[in-house]
Amino acid sequence: MTSRQETPEFALIRRYFSQLTACRSDVLLGIGDDAALTRCPPGMVLATSMDTLVCGVHFLDTVDPEALGHKALAVNLSDLAAMGAEPAWVTLGLTLPRADDRWLEGFAKGFSRLARVHGVQLIGGDTTRGPLSLTLQVQGFVAEGSGLRRDGARAGDDIYVTGTLGDAALALYRLQQGLTDEPGSETLLARLERPQPRLDVGRALRDRAHSAIDLSDGLAADLGHILASSGVGARVELPRLPCSAPVEAFMRARGDWSLAVAGGDDYELCVTLPETLRDEIAALSRELNLPITRIGRIEDAPGLRCYDKNGGLWTPPSRGFDHFSEHDA
C-alpha cells in the first residue's frame, strides 16, 4: 500500500490557513475540497466584495506581515460595513515570491486575530508563486431590501463621516520622507497599517441612512461616487472635517486641505442621513465612543463644492487615488 504524499503547496495551506479562523455552522464544507459549501440564512441576501493588494502599490515591501494580514482583511470588511452587512466568509488568493515561514506566521496571526473578532471563517482560496500580492473576497448577509447603497442620497441629507480623515495619508508621507520619529507617528502608522472596519456603524445605520460608502480612495473621490450614483451634489464645510492634531498641523502649515479631502486609506464610512436624525447620530457616536461628524449637506446642483472658514470655494488639486490616472494622489 502506498500513501499519497502531500505537496508543498498543500502543506503550506494546512500549516498556516486550514485552522486560521473561527468555524461557523453555516459552512458545510470549508478548506480542503474543490469548492466550499455554505448556507445563506432565510430572508437574507449575500453581499460580496473583492479587493486586491499589490506590493509597491497598496503597501510597502517593508510592511510588518502581521499588520498586512490585518489590513488585507480589514479593507474588505470595510466594504461590507458600507453595505450594512454582517460578515461571514472570506477566501484568500496569496501570491508569494517564496514560502517564508516567518512572514507567513506573522501574516496568519494578523489575519486570524481580526477574523475571529468579527466571526469570519476562511473557506478557501489559492496560493501561487510570483510577485507579492493578495486577493480577498468577503461575503456577508443583509436582510433583503435593507442593504445600504450609493444611489440613495437626497437633497437635504446631512453628510457624516466616522473617525478622523487624513491619518493614513500623513503616515505614508512620513514613511516616504523618513520622518518616522515625528510626534504621533506610531499612532498614524497604526491608522495606515491596521484600519478598523466600521461594521458596527454600518449595522446601526442600515435602516436609517439613505446612502453610504467606505473611504478608501479619499473623501472627494468616494463621496463623488455617491453623488454620481444618486444624481445630486454636495456642500462640504472644510473646518468641520474631523482630523487628528498631526493632520491639522500639517494642513495648516501648508494651507492645503488635500490630506483630509483627497488622502486615501482612511477606511472610514461616509453616510448621508435625514436632518431629523441628528440627535440619534449624536447618541450613536457616544454609544460607540467613535466620532461621527456632520461635515456638509447634499444639494440638488451636481458636483462637490468644498468651502473654507471664510466661505471661499476650495478645489482639491487631486480628487483621490485612481489606479489608471496619470495624476494619482
Side-chain angles (χ1 to χ4, degrees), residues 40-49 74-88 117-120 138-165 195-237 240-242 266-300 302 304:
C40 191
M44 308 294 278
V45 295
L46 201 60
T48 301
S49 181
V75 301
N76 283 269
L77 292 179
S78 183
D79 287 328
L80 293 187
M83 305 296 292
E86 298 277 354
V117 165
H118 294 291
V120 177
V138 291
Q139 295 178 311
F141 309 132
V142 64
E144 190 167 358
S146 70
L148 295 173
R149 297 165 54 132
R150 299 179 180 182
D151 60 1
R154 307 171 189 175
D157 279 358
D158 288 331
I159 304 168
Y160 289 84
V161 293
T162 62
T164 54
L165 305 179
Q196 299 301 318
R198 304 303 186 187
L199 290 156
D200 46 3
V201 179
R203 287 191 290 260
L205 296 181
R206 65 185 166 208
D207 295 319
R208 295 177 173 85
H210 288 158
S211 66
I213 194 169
D214 82 315
L215 299 178
S216 56
D217 296 327
L219 174 64
D222 292 319
L223 176 55
H225 295 319
I226 286 180
L227 304 183
S229 296
S230 302
V232 293
R235 177 189 180 102
V236 168
E237 306 293 342
R240 288 182 173 269
L241 298 183
D266 288 316
Y267 296 102
E268 297 293 346
L269 294 187
C270 177
V271 298
T272 74
L273 291 141
E275 180 181 352
T276 54
L277 296 183
R278 289 182 182 178
D279 289 343
E280 287 189 36
I281 300 308
L284 177 63
S285 178
R286 292 191 297 269
E287 178 187 338
L288 298 178
N289 193 28
L290 174 71
I292 306 177
T293 307
R294 180 166 52 89
I295 63 167
R297 194 172 182 85
I298 296 294
E299 299 178 331
D300 282 316
L304 173 62

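Note that the coordinates shown come from a computational prediction; the quantities given were computed from them, not determined experimentally. Computed over heavy atoms, backbone and side chain alike; hydrogens, waters and symmetry mates excluded.
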May I have the step-by-step check of side chain to side chain contact (heavy atoms under 4.5 Å, CB included) for V138 and T48, ending in yes or no?
-> CA-CA 6 Å; V138 291; T48 301; over 6 Å; no
Side chains of Y160 and I295: closer than 4.5 Å at any heavy-atom pair?
-> no
For the atom pair CG (L284) and CG (L205), what is the distance rounded to the nearest 0.5 Å?
-> 5.5 Å
From R206 atom CZ to E86 atom CD, the distance as rounded to the nearest 0.5 Å | 5.0 Å
Any side-chain heavy atom of V161 within less than 4.5 Å of one from E268?
-> no
Might you point out which heavy atoms bring P197 and A74 nearest each other, and give the distance in Å?
-> CB-O, 3.8 Å
Are the side chain of R150 and the backbone of I226 linked by a donor-acceptor contact shorter than 3.5 Å?
-> no
Minimal non-hydrogen separation, S216 against D222, with atom names | N-OD2, 2.9 Å
Under a 4.5 Å cut-off applied to non-hydrogen side-chain atoms, are R198 and S78 in contact?
-> no
Is the shortest heavy-atom distance from the side chain of V45 to the side chain of V142 under 4.5 Å?
-> yes
When you look at CZ of R203, are more than 12 heavy atoms from neighbouring residues, nucleotides or ligands closer to it than 6.0 Å?
-> yes
How many angstroms lie between atom CG of D151 and atom NE2 of H225, to the nearest 0.5 angstrom?
-> 14.0 Å
Is the shortest heavy-atom distance from the side chain of E144 to the side chain of M44 under 4.5 Å?
-> no
What residue pairs, at least two apart or across chains, pass side-chain hydrogen bond (donor to acceptor under 3.5 Å, both in side chains) with a residue in residues 279-294?
-> R208-E280
Any chance you could lay out the side chain to side chain contact (heavy atoms under 4.5 Å, CB included) test for V236 and L223, step after step, and finish with the verdict?
-> CA-CA 10 Å; V236 168; L223 176 55; 3.9 Å; yes
Please say whether more than 12 non-hydrogen atoms of neighbouring residues, nucleotides or ligands are located less than 6.0 Å from CZ in R278.
-> yes
Can D157 and T272 be counted as having a side-chain donor-acceptor contact under 3.5 angstrom?
-> yes
To the nearest 0.5 Å, atom CZ of R154 lies from atom CD1 of I298 at 12.0 Å
Lys/Arg N to Asp/Glu carboxylate O, D158 vs R297, below 4.0 Å = yes
State, with a plain yes or no, whether a side-chain heavy atom of L77 is found less than 4.5 Å away from one of L199.
-> yes
Rounded to the nearest 0.5 Å, what separation is found between the OH atom of Y267 and the OG1 atom of T162?
-> 13.5 Å
Taking only residues two or more places apart in sequence, or in another chain, which ones meet D266 in a side-chain hydrogen bond (donor to acceptor under 3.5 Å, both in side chains)?
-> none
To the nearest 0.5 angstrom, please state how far the CG atom of D214 sits from the CG atom of L148.
-> 12.0 Å
Which residues satisfy the side-chain hydrogen bond (donor to acceptor under 3.5 Å, both in side chains) test with D79, sequence neighbours excluded?
-> S49
Distance-minimising heavy-atom pair for V271 and A209 | CB-CB, 4.4 Å
